[in-house]
> 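One structure coming up, written as structure tokens, with questions to follow.
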Amino acid sequence: MTEPRDMIVIKDLYKHFGNVKALNGVNLTVKKGKVIVVIGPSGSGKSTMLRCINHLEVPTSGEVTIDGQLLGKNEKALNATRAEVGMVFQLFNLFPHLTALENVTVAQKVVRGRSKEEAEEIAMKQLKRVGIPEKAGVYPNNLSGGQQQRVAIARSLAMNPKIMLFDEPTSALDPEMIKEVLDVMLDLAKEGMTMVCVTHEMGFARSAADEILFMDEGLIVEHTTPHDLYNNPKEERTKLFLSQILQH
Amino acid sequence: MEQSPPISDEKAALQLKDISWWFLGIILIFVWAIYTFLTKENYQEAFNFIKVGIQITVKTALIAYAFALMLGLLAGLGRISKNIFFNNLARLYVELIRGIPMLVLIFFIALVGVPMLVEGINAFGVWLVSIGIVAGEALSGFGNKAFTMNGRAIFALAITYGAFLAEIFRAGIQSIGRGQMEAGRSLGMSYGQTMQHIILPQAVRNVLPALGNDFVAMVKDTALVSVLAVRDITQVSRLYAGSTFRFREAYVTVSVMYLTITVVLSLLVQVMERRLRKND
């Protein structure tokens, strides 16, 4: 068996917002099919790193390579690469003027050039996969938070992405809705999707993550397996952070 | 037992306050106007004379507004664009127009701007002939007469209102959260595609009432084109008053005409606003 290929390669990534140094030289390689969970205190650069992977934030310096494609300044190439990288946001960012179904079809039609029928067929398949086909005709404002986030996941999956990025997908949800979103993410992980998830859901990290990163002050402080991170964290900062979030 | 009368008093006062007295006033004016036009010969004569201008007024407002919408959308997109040239051009346009009285702008565009444009087109034609792209007299027949005064008036109103509408569109686009653009871009859509399919449909919906109000304002401002001798209802009523010395009949009639159009349009805008709010 050959080694799975590199899906994401991040090299010497720096991102500064004026005087704020969000990322200070991040290096990371994610192999195909791996699930990476990123944890760390707020302001540690987790979200910024995620947003640099699809260049929603353009790095100050450094390189990001997606499945062999080096991201550059060329807008067309960038758009093409972004279509291969699904992203799920903390606040869902569904399009409120479109129904759940239309949310899932619009980019398929515009970017992939699929016909209305084809796009709707794929959209229904994805809505079934996330468990809410009956909400196809409903507008986002009439959906619960958990349902909205699942539509957002379906919207990304309908583009047939090679990679899925999750930016604190359950942080804005009421407790009883967190599980329905995590279940969808678990299924995706089992199906072999390459995933990078910024989340503090430790249960998810334990059962789905192949690797876990602890970030602080714009750097990856520790990069190991979930088991090792929880049972014997090496860095003082990691220990302190874990003791804070696992106390209760 | 003794407490019920004060409550009913308060109720009566509330009801008095709740009545739209201003609207009742407008209705009274309309009733009086209809009665007068039906019974008084002088007013009938004035009405029949002035009504021929209605078509010009309505046509001018509709065409100018359609062009102003396109111009405003373009300039509004320019105001939020990251492209330095496009952004500054849009800003310059908006600031220039907003800094000059509309009446002066109408004179300027119709009597200075259009002739300059014609000169420019002619010079361009001469240049095309000189370098041999087109032969003979191409474009030389293109004189100032190609633009009627009504056409120039529409042109002037469209350019003026384009600047106002640009600010409305800009505000509308900026009212849409950043996450919408990010979601669109993360799906692989370009800036333009996200604008077209995601941002603008929401932005336009948010500013529909403001756009409607500006249309009402433009209907009133079409009166300014009478200074170019365009025969709209204002100009025709001036002509009527001048030739008959019946100032009262002329200006009552034209005022009632404007009021009818604007009141109906304002009510439509209010209905639209209420319906949009209900859907939110």
Side-chain angles (χ1 to χ4, degrees), chain A residues 47 50-51 53-58 66 74-98 102-113 139-142 148 151-167 172, chain B residues 69 73-74 76-78 80-87 168-212 269 271-280:
Chain A
S47 287
L50 206 66
R51 293 157 60 83
I53 291 177
N54 65 356
H55 269 37
L56 269 189
E57 294 301 349
V58 178
I66 301 290
N74 183 312
E75 276 288 314
K76 260 200 182 141
L78 210 50
N79 290 337
T81 308
R82 283 201 187 112
E84 308 293 331
V85 182
M87 185 155 195
V88 176
F89 300 87
Q90 182 175 0
L91 297 173
F92 332 133
N93 293 352
L94 286 184
F95 308 132
H97 63 303
L98 301 176
E102 289 163 343
N103 262 279
V104 187
T105 59
V106 60
Q108 291 190 64
K109 289 187 279 189
V110 174
V111 178
R112 295 279 190 233
Y139 285 91
N141 286 348
N142 298 325
Q148 287 192 51
V151 172
I153 294 173
R155 175 174 73 175
S156 287
L157 291 177
M159 301 296 285
N160 308 111
K162 297 173 184 164
I163 299 165
M164 285 290 286
L165 308 175
F166 292 85
D167 189 0
Chain B
L69 277 177
L73 180 57
L74 216 61
L77 286 170
I80 55 151
S81 168
K82 288 205 177 83
N83 181 311
I84 296 170
F85 173 75
F86 197 31
N87 183 304
I168 294 180
F169 279 119
R170 180 184 61 79
I173 292 168
Q174 286 179 336
S175 74
I176 306 301
R178 208 177 101 148
Q180 293 288 303
M181 179 55 84
E182 287 182 349
R185 298 309 300 273
S186 79
L187 289 164
M189 291 199 264
S190 68
Y191 178 85
Q193 287 168 336
T194 311
M195 252 314 154
Q196 181 193 343
H197 296 281
I198 309 300
I199 310 290
L200 281 179
Q202 300 179 57
V204 168
R205 187 176 175 278
N206 285 354
V207 298
L208 269 179
L211 292 176
V269 171
V271 169
M272 180 170 74
E273 212 171 349
R274 216 165 294 160
R275 203 167 284 177
L276 283 175
R277 215 177 299 148
K278 212 183 289 169
N279 288 346
D280 270 343

> Are there residues of residues 191-199 of chain B whose heavy atoms fall under 4.5 Å of chain A's heavy atoms? If so, which?
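Within residues 191-199 of chain B, the residues under 4.5 Å from chain A are B/Q193, B/H197, B/I198.
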> Suppose we screen for salt bridge (Lys or Arg N to Asp or Glu O under 4.0 Å). Which residues come up paired with A/R51, at least two apart in sequence or across chains?
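A/R51 satisfies salt bridge (Lys or Arg N to Asp or Glu O under 4.0 Å) with A/E57, B/E182 once adjacent residues are dropped.
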> Answer yes or no: is there a side-chain heavy-atom contact under 4.5 Å between B/Q202 and A/P96?
yes
> What is the distance from atom CG of A/L91 to atom CZ of B/R178, rounded to the nearest 0.5 Å?
12.0 Å
> Which atoms form the tightest heavy-atom contact between A/F89 and B/A183, and what is the distance?
CE1-CA, 3.8 Å
> With a 3.5 Å distance limit and no angle check, can you tell me whether A/N54 reaches the backbone of B/S186 through a side-chain donor-acceptor pair?
no
> With chain B as the partner, which of A/L94, A/L78, A/V85, A/T81 has the greatest number of non-hydrogen pairs under 4.5 Å?
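So the answer, after comparing A/L94, A/L78, A/V85, A/T81, is A/L94.
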> For A/N79 and B/R185, what are the C-alpha separation, side-chain angles and deciding distance, and is it a side chain to side chain contact (heavy atoms under 4.5 Å, CB included)?
CA-CA 7 Å; A/N79 290 337; B/R185 298 309 300 273; 3.2 Å; yes
